[in-house]
Structure formats: structure tokens, C-alpha cells
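Here is the naming used below: chain letters follow the sequence lines, and residue numbers restart at 1 for every chain. Just so you know, these numbers use all the heavy atoms, side chains as well, and skip hydrogens, waters and symmetry mates.
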Amino acid sequence: MSKNYQPGPFHPASAMDYLPLSQLRDLQFQRLRAMVQRAYDRVGLFRQRMDARSLKPAHLETLDDIAKLPFTVKTDLRDTYPFGLFASPLAEIVRFHASTGTTGKPIVVAYTQEDLNDWAQVMLRSFAACGVHRGDIVHNAYGYGLFTGGLGAHYGAEALGASVIPISGGNTDRQVMVLRDFGATAICCTPSYFLHLIERAAGMGVNFKDLPLRAGIFGAEPWTESMRQRIEAESGIKAYDIYGLSEIIGPGVAMECLHQAGPHIFEDMFYPEIIDPETCELLSDGSEGELVLTTLCKRAMPMIRYRTRDITSLNSEPCACGRTLRRIRRIGRRSDDMLIIRGVNVYPSQIESALLAVEGAQPHYQIVVDRQRGLDVLEVQVEVTAELFSDTVGGLEKLQAKLSRSVESVTGLRAEVRLVAPHTLQRSEGKAKRVIDKRKM
Amino acid sequence: MILKQLSVFLENKPGTLSAPCRALADAGVNIQTFALADTQKFGILRLVVHEWEKARRVLLEGGWTVKVTDVVAIEVSDTPGGLASLFEVFERASINVEYMYPFTAKQEGKGLMLFRFDDPDAAVKALQANKVSVVGTVELFKRLGN
Ligand SMILES: [Zn+2]
């Protein structure tokens, strides 16, 4: 048991986190059967794909038979835009969300009232898992709107009985003032936005270490263990990793417990598998691959074996908290994010770790890849913060060289480091835009 | 004897120089002297102002990265050899200059220069021992008419 472990009040909804494994697997199988039946009966795409394999819902005899089902991919949502994958009539749909993704048409997701209740429950369990309860003040800085982050965290925190500040994104100075004056004890936002808040607060003479804030529920973008250490050292709070995606429900698919040892998947609601992203072969627990999720209870928009593009592994080792839910290893990268530069595979998270290895560096960066005279060129733009800024040209040039060497030692690629003024790199909806690929393929 | 100088990080692209100066002007801060060190990609704007704390706050609020550094103002005789004899003092006393730039104000045939030394306190001591006139904050801003 770690030094900081303090068992908090126990919320009854968390009981599902501790279901004995045999019961959990039974429940998953029963729910899977019912969900597949519903999807087969009501969604053309799922029925066609199963028919093409001569597969009927009744053919699922054990939980392992899930591997017989076809995969669903993001383009299926685009191709059926906007309502083609709905399994409920519009009259039963009470909420839409949409995500623009990085390119092209948005994808639309929908919820019945029961779906919203389920979502609030998994978010409630997420808060409870990291010791946030009734009596806590939750500063919710995820964007409210079509993005699932804001309203997802909001309803979960309300269901928990916490006091919610629905501040949404933007207006950082006001966020700092409200955080300080309302005495929030927990905050929900992206990890990069939280670092931005710490910085602005310092500029305004507010030190996070003096505030009652103790827990951060951070998600909606991949982040690294070094970023967690940075956040905790600078703010004195505990940073917890929450995982989710709109296609499955939104935030609340998986959440870290007080032990911060990787998010536990709420397996009674979402069934996880890991596959080799190239061959689609099913991999065993502990192996790294692409996370595939199946919704077990979603009504408006069930998802069968949805390929998340997130690269992780499933951890079935028991956690010190006693939850029976498997954990995923922190998601630092997505198979989508992988860049191939001069034939070398590079993930933005590797570049982030390389930058953070340099003293005083903050993870405010952007990667720009271009092709000049047939050759890939990697430029890393780094915001110059007060800690990094030395008053001499020589000092800044030394910093550039140091950052560039660090990136080269981690990725094996020569990188041009360009120092840029703070707050110049794009931040959309609090999500940092990490990569600009200007190459015309 | 030590003065506070503000250094501001700027990207080398059009418009980046006017914005911080405008922000200071809008806050009623007068720039006494400045120097720009730049490379192809970035620049450092160095400023001496009367109310440096206020100026720093204005710049931070505007989102600039600002550093406060200690500099020393030294009187230089405005005659041939004035600068040369000063540098000879630096050499004899092993004082390392990182950079320097002049003030525009002149008084009774004397010019003023700002120096950034690697060790400002030691430099001031050595300069005074060599009878070089180091100008302190109060005297400086009096001369500049504040
Ligand atoms: Zn745990």
C-alpha cells in the first residue's frame, strides 16, 4: 500500500468495481448477448457484416466468441453520418454529441435517457475511484457543448453529490480566480491545459500549492508519466488519468484509482480486447497493441469491437485497491499519431519525453513535419517559459542545441528546435494540437 | 548600484517588437533605454524603465516571457579614449562583460552606458576601487528626469 493511500468514503456505485471475476465474466457475457441481438436487429451495418460471416447473435456461446464478431472502425461512423448507426428511434434519443476528429466530417453519437444514466454512473465511479466524493468542489474545465468532456464530467459529479463549478474551457485568468476563491478540491481538464493554468496562476501571484485543490482528473489527450510528475511537483495535487472516447460513451471508460497505477476499465460496461493493429490478431493480457472496446449496455448507439487506435496493454495483475477490473497501461500514443519521418517511426510522446528531460522544459510544444527537396524535415517548436529563458543569445542558442540533442538521442532523428513565444501554439478546446504534418503524400 | 533590467523573449517576425512597447506605453511606462539582440529566429528585447515591477507585471499579463537581470550603469567620458580606458579597467580587474548598450542621455560631456557583467556585485566593487563612476538607481533616474 503506497504512502499516500487513504481509503475515502465508499460510494455504493463503486461496488461493481469489486465484482468477483466469475460473476463479472457472466455479467459481461449476458450483456454482450443482449447488446449484439439488439445491434443485429436494429443496425443495418452490423447485420450485413454478421450475415456476411453467416453469424447470428445466437452463435455467441461464450464470452470468447466475441472474437468472431466483425470490427467497427471510425470510418464506419463517418460513412453512416449522421444517424446511420443508431439502434433507437429518434424519439428515444435525448442527447447528441459530436467530435470533429482531426480531419473531415464529424462523427455523431447519441444517447437515450438510460445511456445518460449509465454514463453518469461510470463518471461517478471514476470520481469515487480517485477519492472525490460528496462535499468536494469540482472545477470542471472540460469544454461544454458537442464535446463529451464537459457534460460527461458534469453529470457524473452531480450524481456523486459533489458541488460542481461548470466553468467550461477558456478565460484562464477567470479560471484561476474561481479556483482560488471557490476553493475547488478537484479539477477536470486536459493535462496540458492544467499546466497552462499553473503558469498563468504564477503570473497572477497564485501558487497552486497554497490552494485546497488536491486531485486532477486529466484526460482527452495522450500524456506521459513525466508530465504527471511535472504536474504533481508544481501544483502539489495528485494527477489521475481518465480515459474515454465519444464513440464508446465519452469520459468514464476507464479511470485510475488512488494508486495511480493505470486506469481501471469499467468492464461491466465496456469489454476490452487488445489486437495487433497490423494483423488484427487477438493478443494476450500484458502484450502491447491496439485497444478494442465493445459497449455492453449502450442502447442508442451500441459499438461492437470498436478499434480505438489507442496503443496500450491490458493489465490483469491485481491492483492494491482490490478492484477486479483490469487496467490499461497509460495511453501515451495512438496508432494514428505515429509519424514516419525519414523512414523512422516516431510518436509525439517520445518527443515530449525528450523535451521534458531538459531542465526547466515544459510540455508546450508542437511538431512540424515538412518535406524540403524530397527530404523530411522535423521541426520542434518549444514555448520559451520563464524557467527556460536566459537573457543572452548564447544562452538561448545553448538551450536550442540541448533540446535538439535530447530529441535526437530519443528518436534518432535530427530535429530543428525553434523557440517560440509562450501561448503561441494552438490549443483547441483545451486540447493541445501536437503535430502539423505539411508533407503532401 | 545595481539596476534592474527587463529582458523579453521575442520571436523574429513582423510586429513582435511593437506589441510589448505598445503595452508598456498604454500602461504609462516610459522606456528609458533599450537594446535588441537578435538572431534569425528570435530576439531579446532589453529594457530599462523607471518602474520595473509595474512594467514586468504588464508584460507578464500580456503573455510575454520576462526575465529580470542585474545591470550596472557607468559614466563614460565623452572624449576620444573614454571607452578605451574603461575597457582597460575591465581587463586589469578581470571583469567579464556579457553585453552592453548606451543611454541616450548625456550630461556635462559624460555619456552613460549599461553593462551586463557575469558577476555584477564583484564588478561594481572593482570599478569603484578603480575610481570608475558607477551610477545608482536614484541618481540615474534623477538624471533621466524622473
Ligand atoms: Zn486500483
**Message:** Is there a side chain to side chain contact (heavy atoms under 4.5 Å, CB included) between L396(A) and F9(B)? Walk through the geometry before answering.
**Reply:** CA-CA 10 Å; L396(A) 287 175; F9(B) 176 84; 3.9 Å; yes
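- Residue K67(B) holds its NZ atom at 10.0 Å from OG1 of T392(A), rounded to the nearest 0.5 Å.
- Heavy atoms from other residues, nucleotides or ligands lying under 6.0 Å from CZ of F34(B) number 12 at most.
- Contacts of E397(A) with chain B are made by both backbone and side-chain atoms, with heavy-atom separations under 4.5 Å.
- Considering CZ of F389(A) and CH2 of W64(B), their distance stands at 13.5 Å, rounded to 0.5 Å.
- Contact detail for P422(A) and G63(B): the closest heavy-atom pair is CG-O, 3.4 Å.
- The part of T385(A) that comes within reach of chain B is its backbone (N, CA, C, O), which places non-hydrogen atoms under 4.5 angstrom from that chain.
- Counting heavy-atom pairs under 4.5 Å between each of V8(B), T16(B), T65(B) and chain A puts T65(B) at the top.
- In this structure, the separation between CG on L6(B) and CG on D391(A) is 10.0 Å, given to the nearest 0.5 Å.
- The backbone N or O of A421(A) sits less than 3.5 Å from a side-chain atom of E11(B), completing a donor-acceptor pair.
- For R57(B), no part sits under 4.5 Å from any heavy atom of chain A, backbone or side chain.
- For E387(A), no part lies near chain B; criterion is any non-hydrogen pair under 4.5 Å.
- Heavy-atom pairs under 4.5 Å with chain B were tallied for L388(A), V384(A), V393(A), L419(A); the largest tally goes to V384(A).
- Looking at R56(B), neither its backbone nor its side chain comes within 4.5 Å of chain A, counting heavy atoms on both sides.
- One finds the NZ atom of K41(B) at 3.0 Å from the CD atom of E416(A) (value rounded to the nearest 0.5 Å).
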